[in-house]
J.: 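Before I ask anything, let me first share the structure, which is written out below as structure tokens.
Throughout, a chain's letter reflects where its sequence line sits, starting with A, and its residues are numbered from 1. Source: prediction; values computed, not measured.
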Amino acid sequence: MIDHRLIRENPGEVEKQLQRRDPGISLQPYLELDHKRRNILQEEERLKQVRNKVSQEIAEAKRQGGDAQEKILEMQKIAGKIKELEEERRGVEKAWHKFLTELPNIPHEEVPVGTTEEDNKIISSWGEIPEFSFEPRPHWELGENLDILDIPRGGKVAGSRFVFMKGDGALLERALINFFIDYHTAHHGYQEIFPPFLANSDSMFGTGQLPKFAQDLFYCPEEELYLIPTAEVPLTNIFREEVLKNEDLPIKVCGYSACFRSEAGAHGRDTRGIIRQHQFNKVELVNFTSPKTSWEQLEVLVSEAEKILQLLELPYRKVGLCTGDLGFASAFTYDLEVWVPSSGKYREISSCTNFTDFQARRAQIRHRPAPGEKAEYAHTLNGSGLAVGRTVVAIMENFQDQEGRIHIPRVLQDYMGGKKVIGG
RNA sequence: GGAGAGAUACCCAAGUUGGCUGAAGGGGCGGGUUUGCUAAACCUGUAGUAGGGGGUUACCCCUAGCGAGGGUUCGAAUCCCUCUCUCUCCGCCA
């Protein structure tokens with residue numbers, strides 16, 4: 001959420017920045033609502049001041065055994081007027097708040113203007129794209145032949161975009177989760193968290209999924225709980241409505257979760273294989289920093305995710321998202337894209353974002369810069385470290401051999417009971 | 001799921017015949033006095049916040065706020081309704 005005072009003081013500049021995302025954004029309706037809201041508020045508060053004063057006078061008169069009937073009658077009128085103003089203000093405020101909560105974050109000045117992923121800026125590449133001396137197979141074929149992926153039965157039991165992983169496939173999935181968490185806790189200073197996989201609407205609002213993106217979430221109406229689309233939601237909301245101790249910053253937490261996404265609007269995209277599922281596994285990294293250090297911390301964060309890809313020996317590239325591809329809450333996002341032979345291109349496997357104070361303001365996550373000073377909003381960042389299902393895809397396809405076997409990266413072999421090859 | 005108890009400031013905790021209580025009293029923390037230092041004693045300060053207005057940008061004023069949201073009333077921590085959470089007992093259960 002953008003600071004509403006920033007908008008009031010600098011509407012032209014804020015609008016200009018937001019129009020880099022979408023030229024159609026106009027703050028005019030918002031400014032009108034804000035103006036209206038303040039007018040009503042001022043009159044309402046003036047009347048409340050009168051009410052408070054006269055109520056005291058009534059109390060005093062009664063205490064002395066006097067009659068206050070006249071004043072009470074007068075106050076009945078004032079009370080009615082206050083009620084009317086309150087009602088009117090509530091209506092205006094609702095629209096005002098809705099507008100404010102549906103405005104995206106202001107993109108960082110270095111985010112390139114663009115409309116699609118074609119406009120993203122390629123920053124660096126790592127590793128060699130594999131040259132196969134044979135016709136490489138897509139992961140769904142490899143998985144079926146090796147009996148480690150069962151997509152048809154996923155469809156039977158749950159529906160399309162669900163999968164069973166079997167045998168060494170299931171083991172690989174589990175090995176990756178353990179490797180990711182072990183590495184981030186041992187080498188990058190993260191505290192491991194195992195979060196709830198369902199979250200309430202306050203939490204979903206805090207990280208920015210609600211109110212605007214409800215259609216992307218799975219929801220349990222009876223309990224009023226949402227299935228989390230990423231561990232970012234519970235991990236960030238750990239400190240919702242709290243003031244963090246400055247000496248504890250940066251706070252770095254990482255956690256595994258299953259992620260649930262309805263993929264509304266993705267019909268027909270990535271229908272083969274397991275690139276795009278309703279349920280997938282991910283290890284998420286979340287940082288809480290002071291506003292002064294969040295941009296340095298983003299560089300650290302993305303390097304932590306890159307390190308995992310390097311250890312797995314997977315070829316990838318780092319891109320800076322353009323304004324059109326930038327998430328709603330993001331001020332700046334690096335995507336890490338891994339080479340996927342069956343797609344013939346790099347595919348997103350990690351997204352590392354600085355949300356500045358956008359989520360912190362929604363979730364009321366603050367820190368006190370120094371003792372006695374006013375608490376201010378912290379900055380939140382997160383990054384995938386990494387998406388597990390897509391890592392499985394990348395390993396299967398990049399490390400396949402002519403016989404359709406999968407060679408396990410060295411760092412994972414201990415996690416696979418010493419296994420070096422699947423299908424060997 | 002059934003029955004009961006509770007939620008007041010950083011913590012503990014009074015306050016429910018509605019009205020100088022925006023909140024007694026402790027503890028903690030900040031400042032001070034006595035003191036060679038520490039301890040102790042004594043004095044003193046201590047809502048944070050959100051919203052709005054003013055401003056000489058030092059600050060000042062107002063409104064809200066006693067778990068949350070509604071309601072009754074001239075006036076609500078106090079009365080009524082709904083919800084959330086915590087604790088105890090029973091039931092069920094990985």
J.: Any strand is fair game: report the nucleotide pairing with rU57(B) by Watson-Crick or G-U wobble, both distances under 3.5 Å, or none.
T.: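 With both distances under 3.5 Å required, rU57(B) matches none.
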
J.: Name the pairing partner of rA24(B), where a pair is Watson-Crick or G-U wobble with both distances under 3.5 Å, or state none.
T.: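 Because no pair has both required distances under 3.5 Å, rA24(B) counts as unpaired.
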
J.: Name the nucleic acid region contacted by R89(A), choosing base, sugar-phosphate or nothing; use a 4.0 angstrom heavy-atom cut-off, strictly under.
T.: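 R89(A): no heavy atom of the nucleic acid under 4.0 Å.
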
J.: Could you tell me which nucleotide pairs with rU17(B) by Watson-Crick or G-U wobble geometry, both distances under 3.5 Å, or answer none if nothing does?
T.: none

J.: With both distances under 3.5 Å as the test, what is the Watson-Crick or G-U wobble partner of rU88(B)?
T.: rA3(B)

J.: Please check: side-chain N/O of E144(A) versus main-chain N/O of D150(A), any donor-acceptor pairing under 3.5 Å?
T.: no

J.: Expressed as a whole number of angstroms, how long is the span from E241(A):CD to rU49(B):C1'?
T.: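 Checked: the CD to C1' distance equals 12 Å.
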
J.: What's the NE2-P distance between H367(A) and rU49(B), to the nearest Å?
T.: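 Computing the H367(A):NE2 to rU49(B):P distance gives 14 Å.
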
J.: Nearest to the K48(A) side chain among rA64(B), rC74(B), rG52(B), which nucleotide is it?
T.: rA64(B)

J.: Does a nitrogen or oxygen in the side chain of R38(A) sit under 4.0 Å from OP1 or OP2 of rG51(B)?
T.: no

J.: Please determine, for the side chain of R366(A), which listed nucleotide (rA50(B), rA64(B), rG51(B)) has the closest atom?
T.: rA50(B)

J.: Suppose you measure atom C1' in rU46(B) against the same atom in rG27(B); what distance do you get, rounded to whole Å?
T.: 13 Å

J.: Using the C1' atom as the point on both nucleotides, what is the distance between rU49(B) and rC10(B), in whole Å?
T.: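 rC10(B) and rU49(B) have their C1' atoms separated by 14 Å.
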
J.: What is the base-pairing partner of rG51(B), counting Watson-Crick and G-U wobble geometry with both distances under 3.5 Å?
T.: rC62(B)

J.: Go through it in stages, so that I can follow the logic: the residues are Y183(A) and E304(A), the test is side-chain hydrogen bond (donor to acceptor under 3.5 Å, both in side chains), and I'd like the CA-CA distance, side-chain angles, deciding distance and then a yes or no.
T.: CA-CA 9 Å; Y183(A) 199 86; E304(A) 289 165 349; over 6 Å; no

J.: What's the gap between rG1(B) and rG71(B) when it is taken at their P atoms, as a whole Å value?
T.: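 Roughly 29 Å separates the two P atoms.
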
J.: In whole Å, I'd like the distance from the CD atom of Q56(A) to the C1' atom of rU21(B).
T.: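 Taking atom C1' of rU21(B) as the reference, CD of Q56(A) is at 11 Å.
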
J.: For K252(A) versus G189(A), what's the shortest heavy-atom pair and its separation?
T.: CB-O, 3.8 Å

J.: Figure out the CD/P separation between E57(A) and rG19(B), and round it to whole Å.
T.: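 Checked: the CD to P distance equals 18 Å.
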
J.: Considering only the P atoms, how many Å lie between rG52(B) and rU88(B), rounded to the nearest integer?
T.: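 Looking at atom P only, rG52(B) and rU88(B) are 43 Å apart.
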
J.: rA24(B) and rG45(B): how far apart are their P atoms, nearest whole angstrom?
T.: 12 Å

J.: Rounded at 0.5 Å granularity, tell me how far CZ in F332(A) sits from CH2 in W295(A).
T.: 7.0 Å

J.: Of all the nucleotides listed (rG53(B), rC74(B), rC62(B)), which has the minimum atom distance to the side chain of M75(A)?
T.: rC74(B)

J.: Quick check against the 3.5 Å criterion: does Q56(A) have a side-chain atom that pairs as donor or acceptor with the backbone of K53(A)?
T.: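 Answer holds: no.
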
J.: Counting the atoms with a prime plus P, OP1 and OP2 as sugar-phosphate, which does I58(A) contact under 4.0 Å by heavy atoms, base, sugar-phosphate, or nothing?
T.: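 Base: the residue I58(A), judged by heavy atoms under 4.0 Å, touches a nucleobase.
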
J.: Does the side-chain hydrogen bond (donor to acceptor under 3.5 Å, both in side chains) test come out yes or no for E376(A) and H367(A), once each step is laid out?
T.: CA-CA 6 Å; E376(A) 64 177 12; H367(A) 80 109; 2.9 Å; yes

J.: Specify the glycosidic conformation (syn or anti) of rA58(B), with syn defined as within 90° of 0.
T.: syn

J.: Is there a side-chain polar atom (N or O) of N52(A) under 4.0 Å from OP1 or OP2 of rC62(B)?
T.: no

J.: Once you round it to whole Å, what is the distance between C1' of rU72(B) and CD of Q76(A)?
T.: 13 Å

J.: In this structure, how many angstroms lie between the P atom of rG51(B) and the NZ atom of K94(A), rounded?
T.: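 K94(A) atom NZ is separated from rG51(B) atom P by 21 Å.
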
J.: Is rG45(B) paired to anything, Watson-Crick or G-U wobble with both distances less than 3.5 Å, and if yes, which nucleotide?
T.: rC29(B)

J.: Would you classify K83(A) as touching base, sugar-phosphate or nothing, given that sugar-phosphate means primed atoms plus P, OP1 and OP2, and contacts are heavy atoms under 4.0 Å?
T.: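 Since only primed, P, OP1 and OP2 atoms lie under 4.0 Å of K83(A), the category is sugar-phosphate.
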
J.: Of the options rG70(B), rG51(B), rG75(B), whose atoms approach the side-chain atoms of R90(A) most closely?
T.: rG70(B)

J.: Please give me the minimum heavy-atom distance between A363(A) and N237(A), naming the atom from each residue.
T.: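 In this case the closest contact between A363(A) and N237(A) is CB-OD1, 4.2 Å.
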
J.: Does rA76(B) have a Watson-Crick or wobble mate here (both distances under 3.5 Å), and if so which one?
T.: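 In the structure as shown, rA76(B) has no Watson-Crick or wobble partner.
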
J.: Work out how far the C1' atom of rA5(B) is from that of rA9(B), and round it to whole angstrom.
T.: 23 Å

J.: In this structure, how many angstroms lie between the P atom of rC62(B) and the CG atom of L85(A), rounded?
T.: 21 Å

J.: I need the CG-P distance between N39(A) and rG52(B), as an integer number of Å.
T.: 12 Å

J.: Quick one: label K71(A) by what it contacts on the DNA or RNA (base, sugar-phosphate, nothing), any heavy atom closer than 4.0 Å.
T.: nothing

J.: Take atom C1' in rU86(B) and the same atom in rU78(B), then report the distance between them in whole Å.
T.: 23 Å

J.: Nearest heavy atom decides the nucleotide; on that basis, is R8(A) or A375(A) closer to the 5' end of RNA chain B?
T.: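 On the 5' side of the pair lies A375(A).
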
J.: Quantified in whole Å, what is the C1' atom distance between nucleotide rC80(B) and nucleotide rU73(B)?
T.: 12 Å

J.: I need the single residue from M1(A), E232(A), R240(A), H379(A) that forms a side-chain contact (heavy atoms from CB on, under 4.5 Å) with Q359(A). Which is it?
T.: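 It is E232(A); the other options fail the test.
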
J.: By nearest heavy atom, map Q42(A) and Q49(A) onto RNA chain B; which one lands nearer the 5' end?
T.: Q42(A)

J.: What nucleotide among rG52(B), rU63(B), rG75(B) has an atom nearest to a side-chain atom of L41(A)?
T.: rG52(B)

J.: So what does R51(A) touch, heavy atoms closer than 4.0 Å: a base, only the sugar-phosphate, or nothing?
T.: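 The answer is sugar-phosphate, as R51(A) gets under 4.0 Å only of primed atoms, P, OP1 or OP2.
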
J.: Between H4(A) and rG52(B), is there a side-chain N or O to OP1/OP2 distance below 4.0 Å?
T.: yes

J.: Is a donor-acceptor contact shorter than 3.5 angstrom present between the side chain of E45(A) and the base of rG51(B)?
T.: yes

